[in-house]
Amino acid sequence: MKIAFIVGRFPVLSQTFVLRQITGLLDRGHDVDIFAYDRGREPVSHQYVRQYGLLERTYYLNGAGPAPAKAAQLVRRARLVTASFHKAPRAFARALNVARFGKSAISLGVAHAIAPFADKGPYDVVHCQFGPIGHLGVLLKQTGLLRGKLVTSFLGYDVSSYPMHHGPRVYENLFAQGDIFLCVSEHMKKRLVELGCDPQKVIVHRLGAELDRSAPALRRWAADGKLAIATVARLVEKKGVEYGIRAVAKVLSRYPRVEYRIAGDGPLRDRLCRLIEELGIAGNVKLLGWKEQAEIASLLQTSDILLAPSVTPESGDEEGTPVVIMEAFAQGLAVVSTYHAGIPEVVIDGRSGFLVPERDVEALAEKIEILINDPALRLAMGRAGRELMAREYDIEKLNDRLVAIYLAKSPSAASASAA
């Protein structure tokens, strides 16, 4: 198959789920092009970007520099459309249909949006990552540049804060034109149906991680009394890192040999640094910044507990299911997280980890201390998480299922193939 992935930014270190799907499709002999609105901004990138030469497969939809004034923008669009028109004249003729596209046709907005795709297809599948990007997929379909399936993945904010700010009917046209809608949890599927999506078109397709077949099923815990807690997250509000830091501060008052390592970066870094200093725990709590995937794997391999204290901010922006939970399961870690969005579908409270209410610092600290004091429970939870991961979140199995979804003749058949 020839497949186009459309994403917001690429490459993005925190979006390993996109990389794992793309590389999985390449491993299975499919041809994949990547279209991104902008370049990723992290100082490091995932090893797969280099290993698979993904930048050579990537086309950027936005030019560099500030947005031009309206007149200059129209001139730039006209130049691009004029240069590209001969590549797909019928598609551009449709894009200029004022009766269908209104002001977007007059301003050359539709023609400009489809121009980068004019000589790249035809594609058997266009897979849009995140709901709002599905609108571009609809334009490709309406102008005839997409003759195969339009697949859209919903992953978090796109079913929470985005509809809150743009209205409950924001996906009406996408739901009508799209063929398959993937989401990462039953919680998210319910949201999509409430927004008006045909439930027969929605498939819960989990995010996964690599399962190291040679990794021991049981972890060996340090005998010197030290215990390492890890968080891997962008430093944004919904990741709840502030509450993780406050909980660990409480734990440290009774267990001073605990070490808390936080991998990731983001707009809250300075605020979190100040919090760590104010709490007097800088000797035990470290903000590590961005790390490559191999470094993340090493961090998890040398940790005892994964702390994922996700919260719902005032904006309504929710998680999907953090991939790092599956990565922690693969390493046999016990997980402490929250009753947030789809997380309870992954972390089974009392079995593969503990769940507490959002923002409940006392409860987070209590569950961490239970795991500190009960190595056997940590081992049992780590084993249960690894078994669950191998059964339901192994990326190799999930990528096989993704191919089956693409190839299915109907949404109902695709749902059956994903079961």
Side-chain angles (χ1 to χ4, degrees), residues 1 3-7 15-25 28 30 32 123-138 140-141 146 148-160 162-163 170-209 318-323 325-326 341-346 388-419:
M1 287 183 290
I3 303 161
F5 266 60
I6 310 180
V7 300
Q15 294 181 4
T16 54
F17 51 88
V18 174
L19 290 172
R20 286 175 173 137
Q21 288 183 349
I22 291 171
T23 56
L25 292 167
R28 286 157 177 78
H30 302 288
V32 182
Y123 292 103
D124 300 295
V125 175
V126 168
H127 191 155
C128 302
Q129 295 284 348
F130 292 101
I133 294 175
H135 299 307
L136 175 54
V138 170
L140 296 175
K141 193 168 187 177
L146 169 60
K149 290 179 181 174
L150 174 57
V151 178
T152 306
S153 285
F154 287 82
L155 296 146
Y157 86 93
D158 42 10
V159 295
S160 54
Y162 190 80
V170 66
Y171 295 125
E172 188 173 44
N173 193 33
L174 173 60
F175 289 159
Q177 298 288 331
D179 297 291
I180 297 171
F181 301 95
L182 303 181
C183 60
V184 299
S185 68
E186 295 291 343
H187 171 85
M188 195 171 290
K189 178 177 181 178
K190 181 180 178 182
R191 287 283 184 90
L192 285 171
V193 173
E194 289 172 348
L195 289 169
C197 190
D198 180 353
Q200 297 300 314
K201 291 184 177 182
V202 185
I203 299 172
V204 176
H205 186 71
R206 309 283 186 178
L207 301 181
E318 290 184 347
E319 296 266 30
T321 50
V323 176
I325 291 178
M326 277 66 85
I343 291 176
E345 297 176 34
V346 180
L388 176 66
M389 192 270 170
R391 188 169 64 249
E392 297 185 23
Y393 299 97
D394 183 343
I395 192 60
E396 295 301 322
K397 295 178 182 177
L398 288 168
N399 281 336
D400 286 340
R401 188 179 299 165
L402 182 63
V403 172
I405 290 170
Y406 288 164
L407 291 172
K409 293 183 179 180
S410 66
S412 60
S415 296
S417 68

Heavy-atom nearest pair, Leu388 first then Val346, reads CD2-O, 3.2 Å
Given side chains that start at C-beta, do those of Phe181 and Ser153 come closer than 4.5 Å, heavy atoms only?
no
Locate the shortest heavy-atom distance separating Met188 from Leu155; write the atom from each residue and the value.
CE-C, 3.6 Å
Do the side chains of Phe175 and Leu195 get nearer than 4.5 Å, heavy atoms only?
yes
Which is it for Asp124 and Tyr406 under the side-chain contact (heavy atoms from CB on, under 4.5 Å) test, yes or no, and what are the steps along the way?
CA-CA 9 Å; Asp124 300 295; Tyr406 288 164; over 6 Å; no
CZ (Arg28) and OG1 (Thr23) are apart, to the nearest 0.5 Å, by 8.5 Å
So CD1 of Ile3 and CG of Leu402: to nearest 0.5 Å the spacing works out to 7.5 Å
In Å and rounded to the nearest 0.5 Å, what is the CD to CD1 distance from Gln200 to Ile180?
12.5 Å
Among Leu182, Leu150, Ile6, which residue satisfies the side chain to side chain contact (heavy atoms under 4.5 Å, CB included) criterion with His127?
Leu182
I'd like to know if the side chain of Tyr171 and the backbone of Pro163 have a donor-acceptor N/O pair within less than 3.5 Å.
no
Side chain proximity check, Cys128 to Leu136, heavy atoms < 4.5 angstrom
no
Got Met326 and Ile395 here, is their nearest side-chain heavy-atom distance under 4.5 Å?
no
Please report the interatomic distance NE2(His187) to CD(Glu319), rounded to the nearest 0.5 Å.
11.0 Å
CZ-NE2 distance between Arg401 and His205, expressed to the nearest 0.5 angstrom
7.0 Å
What is the minimum heavy-atom distance between Leu207 and Leu398, and which atoms define it?
C-CD1, 3.9 Å
First locate atom CD of Gln177, then atom CG of Leu140, and finally report the distance between them rounded to the nearest 0.5 Å.
12.0 Å
Going by distance alone, is a donor N or O of one side chain under 3.5 Å from an acceptor N or O of the other, for Gln15 and Gln129?
no
Using the test salt bridge (charged side-chain N to carboxylate O under 4.0 Å, His left out), find all partners of Asp198 that sit at least two apart in sequence or belong to another chain.
none
Restricting to non-hydrogen atoms, name the atom on Asp179 and the atom on Gly148 that form the minimum distance, rounded to 0.1 Å.
OD2-O, 4.0 Å
Close side-chain approach of Val159 to Glu194, heavy-atom, < 4.5 Å:
no
Write down the atom of Gly137, the atom of Leu146, and the distance for their closest heavy-atom approach.
O-CD2, 4.3 Å
So, Asn399 side chain and Arg20 main chain: donor-acceptor pair closer than 3.5 Å or not?
yes
Of all heavy-atom pairs linking Gly131 and Thr152, the shortest is CA-CG2, 3.9 Å
Is the gap between the ring centers of Phe154 and Tyr162 under 6.0 Å?
no
